[in-house]
Every structure is written in structure tokens, then in C-alpha cells.
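Below is one structure, written out as C-alpha cells; the observations come after it.
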Amino acid sequence: MKPISETDLEQLSAYIDGELSDSERRFFQKRLANDADLRAACERAWIASSVLKSQPMQLMPAGSAEAICAQCQPETNSVKAPWRLVASFAALALVAGLGYQLMPGSETPAAGDRMMAQQAPVPSPAPNAAEAVPASVQKETAKPAATVVVKSAAPSEQIAAVNDPTRLELNEATRSKSWPKRDQAMDDYLARHNQMTGSNTGNDLISYAQLLSAPEADASENGQ
Amino acid sequence: MGEHEIDTELVQRAQKGDKSAFDLLVRKYQHRIAAVVSRFVRNSAECQDVVQDSFIKAYRSLPGFRGESQFYTWMYRIAVNTAKNHLASQKRRPGADVELEDAEFIEGGIYVQNNDTPEHELLREELAQVVSKALAQLPEEIRQAITLREMEGLSYEEIAEVMNSPVGTVRSRIFRAREAIDARLRPLYESQRVRP
């Protein structure tokens, strides 16, 4: 145990009386944190103070303060930290989900599922698979498939539709009923546009004069 | 900054995770808390365990300590509750073996008495005598300064006014008084505290 200088003892005395300036106190507290002998001297001064004030006291064994502090662990941090993390992720997921739902044009999961079911190609059964399945089961499984395929066109019709865009049908199942509003004039315009684009082989140049004058021509023909 | 403000500052530092600040609070109050606990728990080893548990509980509860009461008052309540719980867990009643008229009534309907063992009583007497002798041998102005500080609780500025001396002189006198007391107290303190 090294002796404590008079300067340190004077600072210590002023510290326990709360008579050091802010800067002196901060500096002295750093010294206390790093000097075990100075801390022991501080403890003795407190004991002497208690005796002078006739305060009841009972000496604890040497090293008891160190033993107590060694067992002091903050209880809350270790328990709350994982819950905070989980709660943060949950909040983030909730906000992301709500944001997706509120986005214009987003579909509800149920509508998305229906769309997938209607657009999904029906797997063609293996040649011998139908034979292996009993007839009763085949009837039951065939029903949903029939409802899905009911609007699908034959391959030859699809090819013809590509060559002749006016024959393309809008998919009423997937088409939004509310937005955009169906406009017959716009549909006719787009049909003509597609037709002319399909027949045009001159570097995608379209005669808009012809396109725009077509309705009047049609109207005059119908009028005659 | 007064003595209580020092405690408040130490508490705030401990709340931020500074263990050296809590170490100082333990050093400052453990002996007084031990005296409180010893009134409930007679066995010396058990008493030390309860004091230790009390400070550990206090450290864990520090985030909830708002400083509305003084740290010692708060610590005192924790120590009393810990001592009561300790006795309850052992299905013992404090002071059950003493005469009711000798007991002191404490909060919660529990009767306690001064459970000091003869050893503790002797040590306390010894400490008081050492400090008293050291004080008696001090020069008059030094004794007056430390008395005004410790027993009357005056600040350095107030003592300077009473003694008609500069504050620096008061600070030096109080330090000299503490140095003289510590020189006598230290051997006794060290011999007692190295006991198992």
C-alpha cells in the first residue's frame, strides 16, 4: 500500500465535502476510479465522518465493496434486448405490409391467388397417369381443370389472333373493373393501331393521317 | 455542490454504467447499511450476505431510481426489505427471542432490537475512542473547523465566515484534521477488516 500525498488527501477531503470545483471533481473522480489506495482512504474518511456524527455503523470485511460490484450486472439489458429486436422487426414488417396494401394498383393476396390459378397452365397428364387413377377420382379432379380452361383458346386461334390484333380478346377475369375506365373509342383506336403496326414493314413508321382519318372513313361507309 | 449532490452525481454515473461510481457509493454506505441490517439479522455472515444482496438489488433497480429521495434513504428501504425477506425465507421472526419491552418497533409490524454482538459493540467503542482522542489532540482552530463541518454540517464558506478565515484556510484545516484522525484510525481499521 503506497502512501498518499498531502495534495491528494487535501483533494480527497474537499471531495467528500462536495467542495471541489466541477473540473477538479471530474479529474479527482477519474483518479479515484484508477487508484485503489485512494479509494480505501476515501472509505476511511467516510467511516471517520460517520463516527464523528455518531451514526450507527458496522464494519464490513475488507474487499466487500469489490465483491459486491463484481456481482452487479444490469438485469434489464440482457432480457429486454431480444424483445426489442423482435419488436423492431415486427413493426418494420407491419409498415412494409401496410405500405404494399396501400400502393395504387396492388392486388390483395386473394385476388393474386385467383389470378395465378386462372393464368397457370394446366399440366398435361402423363400418358399412363390417367389409367392409374380410378375413374371416380378422375371425375373429381377434372372439374376444377375444366373451369380453368373454359376461356383458353385453341393454339391455332391464338396464332391467328397475333396476326390479326382485332381478334384479341381482353381477359375479363384479370382486367380491373374499376380502373382504368373502359373506353370503347380507345379500344377501337388501339385495335387499329395494332393492326397497322402489324402490317407495317417500313421501319415502324405509321401513317397517323390514315389512322386518325379512319373513323370518319368508316362512318361515311356505314352512312352510305 | 453539497454532499447529497455528490451522491446524485455518483448515482447518475452508475446509471450510465460507470461501476467505479457505484463502487464509491458502496464504500460510503455499506457500513451504515450493515448496521441497519444487523438489527434484523444477528448472524454476522448472514448479515454480510444480506448487505451484499441489498446492494446488488439496488444496482439492478438503479435505472428506476429518479432521485426523488436521497440515495441513502432509498438504499435503507431496500436493505430493510431484503432483511425481512431473508428472515421470511428462513421462517424466522426478527427479535423473537427478546423481550417485547426491550425491542424497538419498526415499520411493518416487525420488532427488532440492537443485535450487536459484544465484538461489534467493542469495535464501535474502540472506533469512537480513537476518533475522540485524535480530535482532542488537534489544535483548537483545526478541531473547531472539523467540528463545524461534521457535526454542524456547515459548508466551507459558512465555516470561513464563522471563523473569520479564508475558504482556502478552512479547507486546509479540515484536511489536517482528517489526516490526523486517519493516522490513528487506519491501524485499527486494517486490523479489524482483515478478520475472516
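Every chain is numbered from 1, with letters handed out A, B, ... down the list of sequences.
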Search all heavy atoms of B:Lys19 against all heavy atoms of A:Ala70 and return the closest pair with its distance. NZ-O, 4.5 Å

Would you mind checking which part of B:Glu179 comes under 4.5 Å of any heavy atom in chain A, side chain (CB onward), backbone (N, CA, C, O), both or neither? side chain

B:Ser20 OG to A:Asp35 CG distance, which is reported to the nearest 0.5 Å: 12.5 Å

Pair count under 4.5 Å, heavy atoms only, with chain A: among B:Arg149, B:Glu5, B:Met151, B:Arg13, highest is B:Arg149

Measuring heavy-atom distances to chain A, does B:Leu185 have an atom under 4.5 Å in its side chain, in its backbone, in both, or in neither? side chain

Verdict with reasoning, A:Glu6 to B:Arg176, per salt bridge (Lys or Arg N to Asp or Glu O under 4.0 Å): CA-CA 9 Å; A:Glu6 285 204 345; B:Arg176 290 290 172 203; 3.0 Å; yes

Please report the shortest heavy-atom distance between A:Cys69 and B:Asp23, naming the atom on each side. SG-CA, 3.5 Å

Which answer fits A:Ser50, side chain, backbone, both or neither, if we ask what part of it has an atom under 4.5 Å from a heavy atom of chain B? side chain

Residues in residues 156-171 of chain B near chain A [non-hydrogen atoms, under 4.5 Å]: B:Tyr156, B:Arg171

Of all residues at least two apart in sequence or in a different chain, which pass the ring pair (Phe, Tyr, Trp, His ring centres under 6.0 Å) check with A:Trp46? none

dist B:Leu25:CG -> A:Ile68:CD1 (nearest 0.5 Å) comes out at 11.5 Å

Of the backbone (N, CA, C, O) and the side chain (C-beta and beyond), which part of B:Thr147 lies under 4.5 Å from a heavy atom of chain A, both, or neither? neither

Report the option among B:Leu62, B:Val36, B:Ile56 that has the most heavy-atom pairs separated by less than 4.5 Å from atoms of chain A. B:Ile56

Does anything in residues 130-139 of chain B form a salt bridge (Lys or Arg N to Asp or Glu O under 4.0 Å)? List the pairs, not counting sequence neighbours. none

Can you tell if the side chain of A:Arg44 reaches within under 4.5 Å of the side chain of B:Arg186, non-hydrogen atoms only? yes

Are any of the side-chain heavy atoms of B:Arg178 and A:Glu10 separated by less than 4.5 Å? no

Heavy-atom side-chain proximity of A:Ser64 to B:Gln30 below 4.5 angstrom: yes

Scan side-chain atoms only and decide if B:Arg32 and A:Gln58 contain a donor-acceptor pair under the 3.5 Å cut-off. no

In this structure, CD of A:Gln11 is separated from CZ of B:Phe175 (nearest 0.5 Å) by 10.5 Å

Option that, when pairs with chain A are counted at under 4.5 Å, heavy atom only, ranks first among B:Val51, B:Ile181, B:Ile146: B:Val51

Given that the side chain runs from C-beta out, which part of A:Gln55 has a heavy atom under 4.5 Å from chain B: side chain, backbone, both or neither? side chain

Any ion pair linking A:Arg26 and B:Glu9 (charged N to carboxylate O, less than 4.0 Å)? no

What ring pair (Phe, Tyr, Trp, His ring centres under 6.0 Å) pairs are there with at least one residue in residues 23-45 of chain A, not counting sequence neighbours? A:Tyr15-A:Phe28

Does atom NZ of A:Lys30 have more than 12 heavy-atom neighbours from other groups under 6.0 Å away? no

When rounded to the nearest 0.5 Å, the distance separating CE of A:Met60 from SG of B:Cys47 is 7.0 Å

Given a strict heavy-atom distance threshold of 4.5 Å, which part of A:Leu32 is in contact with chain B: side chain, backbone, both, or neither? side chain

Would A:Leu52 and B:Leu135 count as a side-chain contact (heavy atoms from CB on, under 4.5 Å) here? Give the steps. CA-CA 9 Å; A:Leu52 283 170; B:Leu135 199 63; 3.8 Å; yes

Flag the one option from A:Asp22, A:Asp17, A:Leu12, A:Ile16 with the top tally of heavy-atom pairs under 4.5 Å to chain B. A:Asp17

Top residue by heavy-atom pair count (under 4.5 Å) with chain A, among B:Leu24, B:Val26, B:Ile174, B:Asp18? B:Leu24

Taking the side chain as every heavy atom from C-beta outward, state whether A:Cys72 and B:Phe55 have any atom pair closer than 4.5 Å. no

